[in-house]
Asks: 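The structure's right below; bear with me while I get my questions together.
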Protein chains: 2
Amino acid sequence: MRKQEEHLFEVLDHLLRVRNECSCKIFSECGLPDMTVKQIAYLKIIDEQGDVTFSRLAEITRNSKPTITEMVNKFVRMECVYRERCPDDGRVLYIRLTEKGRMIANAECNAMHLLIEQLMDSLDEREQDLLVRLLEKVR
Amino acid sequence: MRKQEEHLFEVLDHLLRVRNECSCKIFSECGLPDMTVKQIAYLKIIDEQGDVTFSRLAEITRNSKPTITEMVNKFVRMECVYRERCPDDGRVLYIRLTEKGRMIANAECNAMHLLIEQLMDSLDEREQDLLVRLLEKVR
DNA sequence: TATTATTAGGTTAAACCTAACTAACTAAGG
DNA sequence: CCTTAGTTAGTTAGGTTTAACCTAATAATA
């Protein structure tokens with residue numbers, strides 16, 4: 001019983017390590033290895049929201065508008081984000097992710113897909129199926 | 001094939017989510033939900049090193065000694081760490097983790113064990129065995 | 001004298017703020 | 001229709017607080 005637990009620890013630890021390495025690799029590839037947790041969270045919000053303006057982002061994140069301006073300026077310097085003028089209203093600007101920005105916003109998700117690729121390379125179809133069925137049981 | 005990938009994504013995502021919730025819970029229980037990544041890393045080093053002095057920690061982390069003093073003072077205020085005078089040399093102080101400090105240093109590991117507990121509750125022995133054998137194949 | 005830790009007094013950068021501003025839209029009166 | 005006054009979106013200027021570092025000088029012990 002103890003031994004089983006240890007084995008599970010080892011294999012799961014390895015799995016998580018692989019995924020973590022993948023996401024670190026993504027940040028390095030973008031040339032931004034020391035982004036903060038907050039910055040990543042903001043990029044995720046921008047990604048999820050779609051057509052998000054400065055005012056809207058201020059509202060969502062409960063920050064003042066100058067804070068958003070400053071944040072966006074920083075992201076622009078990092079080449080994660082750019083401004084796009086709204087065609088219907090010259091006052092409003094949309095905050096858009098660049099390719100790099102999207103990479104970072106989805107780093108975890110992308111890392112997961114890389115992990116899954118590895119899983120699928122290592123296991124045949126029957127085994128993959130088995131794995132899914134086993135893990136489905138975890139509530 | 002696509003579908004298999006999706007299924008794998010779902011179950012693994014759930015697994016990671018569970019583990020993540022566990023580690024967040026640990027930080028909240030300690031009353032320190034916004035520790036920085038660096039602070040956690042330092043607590044881990046203190047945990048791993050055992051009998052670590054201020055000078056030694058400065059050496060390991062490549063910081064100056066005043067930086068270590070300041071860091072330790074902060075950790076003392078957070079009740080993660082305390083000083084212990086060396087009995088053989090009155091100049092030397094060991095940096096020791098409190099129970100809370102140890103909890104945080106090992107949060108990830110503890111979260112993994114909580115996850116494993118859940119796995120073991122959800123799967124019978126034969127299934128656990130199967131899971132280990134499947135995941136072992138991932139290189 | 002040499003070593004260990006501390007104190008005093010800094011710096012830099014992240015992440016926030018308020019107040020005042022500019023540019024662009026909107027609606028009301030002439 | 002045009003002007004003007006008011007509103008709204010984002011920016012600029014000028015702050016604060018906190019984390020995370022530093023050097024130089026000092027106290028206590030060996």
Side-chain angles (χ1 to χ4, degrees), chain A residues 27 30-46 49-97 101 104-105, chain B residues 27 30-46 49-97 101 104-105:
Chain A
F27 290 116
C30 289
L32 299 166
D34 29 273
M35 287 207 96
T36 68
V37 178
K38 280 206 174 178
Q39 286 169 351
I40 296 164
Y42 286 136
L43 288 180
K44 276 189 201 168
I45 291 170
I46 295 167
Q49 289 289 320
D51 283 351
V52 64
T53 65
F54 283 73
S55 299
R56 181 81 187 105
L57 190 56
E59 215 174 279
I60 297 168
T61 63
R62 291 154 180 241
N63 283 310
S64 67
K65 284 194 274 181
T67 298
I68 303 301
T69 298
E70 195 180 304
M71 201 172 84
V72 167
N73 284 340
K74 195 182 292 166
F75 284 147
V76 168
R77 265 177 266 128
M78 289 173 168
E79 301 177 299
C80 291
V81 135
Y82 62 98
R83 289 165 166 83
E84 186 173 282
R85 188 129 252 147
C86 172
D88 305 325
D89 188 336
R91 293 169 305 180
V92 326
L93 293 166
Y94 293 121
I95 305 167
R96 305 277 189 215
L97 292 185
I104 289 167
Chain B
F27 289 115
C30 289
L32 299 167
D34 29 274
M35 286 208 96
T36 68
V37 178
K38 279 206 175 180
Q39 285 168 352
I40 296 163
Y42 286 137
L43 288 180
K44 275 189 201 169
I45 291 170
I46 295 166
Q49 289 289 322
D51 283 349
V52 64
T53 66
F54 283 73
S55 299
R56 181 80 187 108
L57 190 57
E59 215 173 278
I60 297 168
T61 63
R62 290 154 181 241
N63 282 311
S64 67
K65 283 193 272 183
T67 298
I68 304 301
T69 298
E70 194 181 302
M71 200 173 86
V72 167
N73 285 340
K74 196 182 291 166
F75 283 147
V76 168
R77 264 177 267 129
M78 290 172 168
E79 300 177 299
C80 290
V81 135
Y82 62 96
R83 288 164 166 84
E84 187 173 280
R85 189 127 251 148
C86 172
D88 306 325
D89 186 339
R91 293 169 305 179
V92 175
L93 293 166
Y94 292 120
I95 305 166
R96 306 276 189 215
L97 292 185
I104 288 166

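Heavy-atom basis, side chains included; hydrogens, waters and symmetry copies ignored.
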Asks: Between C:dA5 and B:S55, is there an OP1 or OP2 to side-chain N/O distance shorter than 4.0 Å?
Replies: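 The answer is yes; a side-chain N or O of B:S55 sits under 4.0 Å from OP1 or OP2.
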Asks: Between B:Q39 and B:T36, is there a donor-acceptor pair closer than 3.5 Å when you use the side chain of the first and the backbone of the second?
Replies: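 Pair found, side chain donor or acceptor close to backbone of B:T36.
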Asks: Walk along nucleotides 11-30 of chain D from 5' to 3' and tag each nucleotide B, S or - by protein heavy-atom contact under 4.0 Å, base first, then sugar-phosphate.
Replies: BB------SBBBBB----BS
Asks: Kindly compute the distance separating CZ (B:R85) from CG (B:L93), expressed to the nearest 0.5 Å.
Replies: 4.5 Å
Asks: Starting at CG of A:L57 and ending at C1' of C:dC16, how long is that distance when rounded to a whole Å?
Replies: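 A:L57 atom CG is separated from C:dC16 atom C1' by 14 Å.
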Asks: Roughly, in whole Å, what's the span from CZ in A:R77 to C1' in C:dA13?
Replies: 12 Å
Asks: Using the rule given for side chain to side chain contact (heavy atoms under 4.5 Å, CB included), can you reason through B:Y94 versus B:V52, listing the C-alpha separation, both sets of side-chain angles and the distance that settles it, and then say yes or no?
Replies: CA-CA 5 Å; B:Y94 292 120; B:V52 64; over 6 Å; no
Asks: For A:T67 and A:N63, indicate whether the former's side chain and the latter's backbone hold a donor-acceptor pair under 3.5 Å.
Replies: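 The answer is no, because no donor-acceptor pair under 3.5 Å joins these two groups.
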Asks: Testing A:V76, A:T53, A:V72, A:D51 one by one against A:I95 for a side chain to side chain contact (heavy atoms under 4.5 Å, CB included), which residue passes?
Replies: A:V72
